[in-house]
Amino acid sequence: MRPDRPAKRLLFGTPWGVSAISLHFELARRIAAQTARGALRGRREPGELVRQMYQIGNRSLLFVAVTLGFIGMVLVYQTCLQVNRITGDLSQVGGEIVKILTHEFGPTLTAMMLATRVGAGIAAEIGSMMVTEQVDALRMCGVEPIEYLIVPRFLASLAMTGILTVFGVAVALALGTLTAYASFHVNPHIFLDFDRVRFGDLVTGILKCIAYGAAIPLVSGHCGLMARGGSEGVGQATTRAVIASSFVVIVLDFGLAGLSYFLLQQP
Amino acid sequence: MNGGAATLVLERIGAGVLAIAREAGGIGVLCGRVVRSLVPPALDARELKLHLYKMGVRSVPIVVLTAFFTGGIMLIQSGIFVRRFGAYGLLGWGVGYAVFREIGPILIALMFSGRVGANNTAELGTMTVTEQIDGLRALAIDPIRYLLVPRVLAMMIMLFCLTLIGDLVAILGGAIMGKLLLGVDFWTFYNSFADNLKTQDLAHGLWKSIAFGGIIALSSCHFGVSVRGGAVGVGRAVNAAVVAAAVGIMLLDYFLTYLLP
């Protein structure tokens, strides 16, 4: 497991890397184009969309509730601790927490969690179909695998990411309010101050939900379709899906936060 | 009919609770066994070194990229406050506090869980379904001592190191983005950062990262060695392992936030 000499690696690795990357891009482009076409018009398998919405949405409820709940409590606790140390005025904390959960932490952390659960799930499912040659069988039956496998997951994730984000933010706020009341004696009426959330915050949050919801199934479906070779291949595809979709979420967050900072958050 | 539906719901809730308890118990038992095999400290040093390299050094690029963007995101978020109040002197503090105590350790742990934890489950799972672990046992090699202990130790050590690197990169990312986006120069950023933060804040996050490394390692090893049923099983195990690791990270984060100074 010693690393090769860098020069040798560069010399022999680069052409291989370039061809692998171009292959990736070709597949990614095809997936994006066909998914967009299939989402707009195309034959739908009856019941498949509902099944995927159940898999992606309902089955993630407990996971999102637990993780976002703990995040909400920690966020409130750390913020109150720090504000206590500097100004001691805790009446402003609630409004700011509500605001930042709406436009930043709510969508992004929910999406990070979904990238883990849903991304890994999609890649594992499609990857195992790939290595057991079920995808080839689909193609032989004249069914386009991207349209049949990825389009319903794409639509379901697009719908469910938004709903789960609203749910996650609600759980985080409920537990955060309790924490503020129990540890710092902040009145829940003062804490839950929704007046600071402005139109721009809401638009940013919704845009982020849409972007993450679209990106996660595309990226992880791509990883699943690249799976090759037995159980090892499925494991690798799943790993790659988790990493790639989490990373895409962070990059999209950075881009959208920057965009909204300049366009929507005018003081 | 109504009673039947209610029984069904109760049954499904009970089955869910039992499944969670089984996995949590499995992770707990595995933790005990790993600690037990450390008592006379016999370590396969070569295996440990291999995993330190594979899990730690090869994760540096993804951690550096994640941390850089995280610093940028935190800067933009603090920038919203700073612009409202005109308090440019608090920018470095805002970024540093959020990154050191919470966002840095959590996001790096989540990425680490995706890259290393999932990979580990896949590797151990493949070994389990191809009966290599039974093979080890047949050769009188203790799979826990040989396979699991070096991985658990390597993940704990390496997540600590990666969080340290990631924290520094995130601060650097914040400073660079502050210069580019808000026009705050490096000295203002550095002063506000150095004046308001203590070593305690950095240590708080680093203690957390060791605990996160432990839970990622234990959950990924547990789901890896208990795989059933071929390629499909491996995929499902990887999925379950990353989910369990994410829940574990959030739970530990909550308790450690209260326990640590």
Side-chain angles (χ1 to χ4, degrees), chain A residues 1-3 62-63 66-71 73-75 77-78 82 86 96 99-100 104 108-109 112-113 115-117 119-121 123-125 127-128 131-132 183 227 230-247 250-251 253-254 257-258 260-262 265 267, chain B residues 16 49-50 53-54 57 62 65-66 69-70 72-73 76-77 79-81 83-84 97-98 101-102 106-107 110-111 113-119 121-123 125-126 129-130 177 181 196 227 230-243 245-247 249-251 253-254 257-258:
Chain A
M1 207 50 229
R2 263 213 351 230
L62 182 64
F63 180 52
V66 170
T67 47
L68 265 283
F70 280 104
I71 287 172
M73 290 194 273
V74 171
L75 190 65
Y77 185 80
Q78 294 273 29
Q82 193 66 8
I86 291 187
E96 294 302 336
K99 189 178 162 83
I100 205 165
E104 168 66 30
T108 305
L109 289 173
M112 283 294 282
M113 294 299 123
T116 305
R117 212 201 84 85
E125 211 178 332
S128 356
V131 299
T132 51
S183 305
S231 54
E232 218 177 318
V234 178
Q236 268 172 14
T238 314
T239 307
R240 220 175 283 140
V242 175
I243 273 296
S245 37
S246 311
F247 189 61
I250 289 179
V251 173
D253 183 28
F254 179 69
S260 88
Y261 177 76
F262 285 112
Q265 309 264 344
Chain B
K49 228 160 70 185
L50 168 73
Y53 172 71
K54 250 175 51 180
V57 180
I62 186 79
L65 278 174
T66 310
F69 282 109
T70 309
I73 293 165
I76 292 170
Q77 302 308 336
I80 295 171
F81 292 94
R83 196 162 62 170
R84 193 167 346 134
Y97 186 74
R101 287 181 88 101
E102 288 298 327
I106 287 188
L107 283 185
L110 286 175
M111 292 313 263
S113 154
R115 208 196 94 84
V116 175
N119 209 358
T121 310
E123 211 178 298
T126 308
V129 297
T130 52
M177 288 296 160
L181 296 179
N196 295 305
V227 170
V232 182
V234 172
R236 214 175 286 142
V238 174
N239 194 349
V242 285
V243 168
V247 172
I249 289 169
M250 296 306 166
L251 280 173
D253 184 45
Y254 175 72
T257 298
Y258 280 100

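Basis for what follows: all heavy atoms, side chains included, without hydrogens, waters or symmetry-related copies. Throughout, protein chains are lettered first and strands after them, A, B, ... in sequence-line order, and every chain is numbered starting at 1.
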Euclidean distance, I243(A) CD1 relative to T66(B) OG1, rounded to 0.5 Å: 7.0 Å
Give, as side chain, backbone, both or neither, the part of L62(A) having an atom under 4.5 angstrom from any heavy atom of chain B. side chain
Given that the side chain runs from C-beta out, which part of V247(B) has a heavy atom under 4.5 Å from chain A: side chain, backbone, both or neither? both
Which heavy atom in V234(A) sits nearest to a heavy atom in G235(B), and how many Å separate them? CG1-CA, 3.7 Å
Give the member of V242(A), L109(A), V251(A), T239(A) that has the highest number of heavy-atom pairs under 4.5 Å with chain B. T239(A)
T108(A), part contacting chain B, at a heavy-atom distance under 4.5 Å: neither
Can you say whether L181(B) sits under 4.5 Å from chain A via the side chain, the backbone, both, or neither, judging by heavy atoms? both
If every non-hydrogen atom of F70(A) is compared with every non-hydrogen atom of M250(B), which pair is closest and at what distance? CB-O, 3.9 Å
Closest contact, heavy atoms only, Q78(A) versus T257(B): NE2-CG2, 3.8 Å
Counting only non-hydrogen atoms closer than 4.5 Å, does I76(B) touch chain A with its backbone (N, CA, C, O), its side chain (CB onward), both, or neither? both
With only heavy atoms counted, which part of Y77(A) is less than 4.5 Å from chain B, the side chain, the backbone, both or neither? side chain
Is there side-chain contact between N239(B) and E125(A), with at least one heavy-atom pair below 4.5 Å? no
Determine the option with the most heavy-atom pairs under 4.5 angstrom with chain A, choosing from G117(B), S113(B), A237(B), G79(B). G79(B)
What part of F63(A) gets closer than 4.5 Å to chain B, counting heavy atoms only: side chain, backbone, both or neither? side chain
Other residues, nucleotides and ligands only: do more than 12 of their heavy atoms fall within 6.0 Å of CD on E232(A)? no
So which of A122(B), A118(B), G114(B), G125(B) has the biggest tally of heavy-atom pairs under 4.5 Å with chain A? G114(B)
Region of S128(A) in contact with chain B, defined by heavy-atom distances below 4.5 Å: side chain
Assert top hit (heavy-atom pairs under 4.5 Å, partner chain B, pool M113(A), M112(A), E96(A), Q236(A)) equals E96(A)
For a side chain to side chain contact (heavy atoms under 4.5 Å, CB included) check, start with the C-alpha distance between I62(B) and F247(A), then their side-chain angles and the critical distance, and finish with the verdict. CA-CA 8 Å; I62(B) 186 79; F247(A) 189 61; 4.2 Å; yes
Of the backbone (N, CA, C, O) and the side chain (C-beta and beyond), which part of L65(B) lies under 4.5 Å from a heavy atom of chain A, both, or neither? both
Minimum heavy-atom distance I250(A)-L107(B), with the two atoms named: CD1-CD1, 4.5 Å
Decide if atom CZ of R236(B) counts as having more than 12 heavy atoms of other residues, nucleotides or ligands within a radius under 6.0 Å. no
Heavy-atom distance under 4.5 Å to chain B: side chain of I71(A), backbone, both or neither? side chain
